[in-house]
Every structure is written in C-alpha cells, then in structure tokens.
Asker: 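Got a structure here, written out as structure tokens. Questions coming.
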Amino acid sequence: ETIALLTTLVWPLAEVAFVIQRKSQNERTKCTKGGGAGIVWLVAVSSTLLGLSTRFLEILPLPFADLPLALCGAVLVLLGASLRFYAIWILGAFFTVDVAVSSDHTLVKRGLYRHIRHPGYTGLLVAFLGVGVITGSWIGLALVTVPVAAVLVRRIRVEERALGKCFGVAYQGYRHLERALLSRAA
C-alpha cells in the first residue's frame, strides 16, 4: 500500500518538473500546435483522484484478489514512467510538453522510436493502467484509464498532424516503416 501510494505521488512530481522545464520556446519553433498539455493533465489528475477514491468502496473488485494489486499497480506505474522518461531522454532537446517542432528539429528514429511511434504516450498509458489497478476495482480502473486514453488519443492526433506538416514525406515514410515492422512481428 505504501509503495503504491509513493509511486502515485512521486511519478507526477517528476512530470511537473518536466512541465516547468520543457515548454517550447515559440520563437524557435516552426510548427507549433499547442496540443493541450494542460487539458491532458487536468483530466489525468481528476480521473486519478476519482479512481483512487473508489479504492475502499469494494464495488466491482478486480479479480485476482489473492494478488497484491497495489504492488502490481505500482510496478506498472514504475514501468510506464520508466518507458516515458526513457522516451523523453531519447528525444533530448526535441522533447517539449506542448506539441512544437523547433527549427533545428530532426525526425527521431532511434531507440524506442525505431519500433514505437509514441513510446512516451505508451508509457503514460501503462502508468495510468497501473494507477487503475491500484484502485482495486473495475470502476476505478475505468475512471482512471478511459478519460486519460481519450485525451491522449486526441493529443497524439494533434502531434501526428504537426509532424506530418513539418516533416512531410519523411514522416509518412516513418509511419509506414513502423507499420511494416508491426506486421512482420504479427
């Protein structure tokens, strides 16, 4: 329980640090779309608080009662946050919390980006799935993951449009390469 609580508190603090440090500088961007980072985090925080409030209601509990769900959820939060922070590290200076492409931006296709088009968002989804598991109920899981997934899908669409506009054919080729890799894996 304590580990789960700490992971659900420490991880967002690290995210806040990124928000403060990594907002794009509009004067150095060629394609800025905004992307609604504030809306993403408003929905994420609200749905997390709502979901966690169901933890002790014991309505529609998740199966696997014999498993330590809080610990399993904490592991998912840590895995998701690690995936996200690794993706941010790969992007380096090109990472911003708002959707923006700088004038010196290059299309990143190394590391995780060679296999997954949006590993940072994938990490967020895994982390919020972990928070949902920590709630211990289907209602809590849905309250945490569904709204977060919805705003992230919207955010990804905004980013896809910006990257397509800025990188054109190169980005379309990158998208097709990912699809080819996924179809070979299946």
Asker: Decide yes or no on side-chain contact (heavy atoms from CB on, under 4.5 Å) for Thr106 and Phe94, but give the supporting numbers first.
Answerer: CA-CA 8 Å; Thr106 58; Phe94 299 139; 3.4 Å; yes
Asker: According to side chain to side chain contact (heavy atoms under 4.5 Å, CB included), who are the partners of Val45, at least two apart in sequence or on a separate chain?
Answerer: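 Side chain to side chain contact (heavy atoms under 4.5 Å, CB included) list for Val45, sorted by chain: Leu49.
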Asker: Could you pull out all residues at least two apart from Pro147 that satisfy side chain to side chain contact (heavy atoms under 4.5 Å, CB included)?
Answerer: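 With sequence neighbours excluded, Pro147 shows a side chain to side chain contact (heavy atoms under 4.5 Å, CB included) to Val43, Ser47, given in chain and number order.
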Asker: Taking side chain to side chain contact (heavy atoms under 4.5 Å, CB included) as the test, write out the residues that go with Leu42, two or more places apart.
Answerer: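 Leu42 satisfies side chain to side chain contact (heavy atoms under 4.5 Å, CB included) with Ser46 once adjacent residues are dropped.
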Asker: To the nearest 0.5 Å, what is the distance between CZ (Arg110) and CG (Leu91)?
Answerer: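 The distance works out to 7.5 Å.
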Asker: Is there a donor-acceptor pair under 3.5 Å between the side chain of Arg155 and the backbone N or O of Val40?
Answerer: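 Not a single qualifying donor-acceptor pair exists.
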Asker: Under 3.5 Å, which donor-acceptor pairs link side chains of residues 69-85 to any protein atom two or more places apart or in another chain?
Answerer:
residue: Ser82; atom: OG; partner: Leu78; partner atom: O; Å: 2.7
residue: Arg84; atom: NE; partner: Glu15; partner atom: OE1; Å: 3.1
residue: Arg84; atom: NE; partner: Glu15; partner atom: OE2; Å: 2.7
residue: Arg84; atom: NH2; partner: Glu15; partner atom: OE1; Å: 3.2

Asker: Treating Tyr171 as the side-chain partner and Leu107 as the backbone partner, does any N or O pair qualify as donor plus acceptor under 3.5 Å?
Answerer: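 A pair under 3.5 Å: no.
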Asker: Should the ring pair Trp41 and Phe128 be called parallel, tilted or perpendicular, given that the plane angle runs from 0 to 90° and is split at 30 and 60?
Answerer: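 It falls in the tilted class, 30° to 60°.
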Asker: Quick one: side chain to side chain contact (heavy atoms under 4.5 Å, CB included) partners of Leu125, sequence neighbours excluded?
Answerer: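 Ala149, Leu152.
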Asker: Any side-chain heavy-atom pair from Pro119 and Tyr113 closer than 4.5 angstrom?
Answerer: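 Of all side-chain heavy-atom pairs linking Tyr113 with Pro119, at least one is under 4.5 Å.
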Asker: Any side-chain heavy atom of Glu159 within less than 4.5 Å of one from Tyr121?
Answerer: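 With C-beta onward as the side chain, the pair touches.
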Asker: For the atom pair NZ (Lys165) and CD (Glu160), what is the distance rounded to the nearest 0.5 Å?
Answerer: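 Lys165 NZ to Glu160 CD: 15.5 Å, rounded to 0.5 Å.
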Asker: What pairs of residues pass the side chain to side chain donor-acceptor pair (under 3.5 Å) test when at least one of them lies in residues 127-137, not counting sequence neighbours?
Answerer: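 The answer is Thr54-Ser137.
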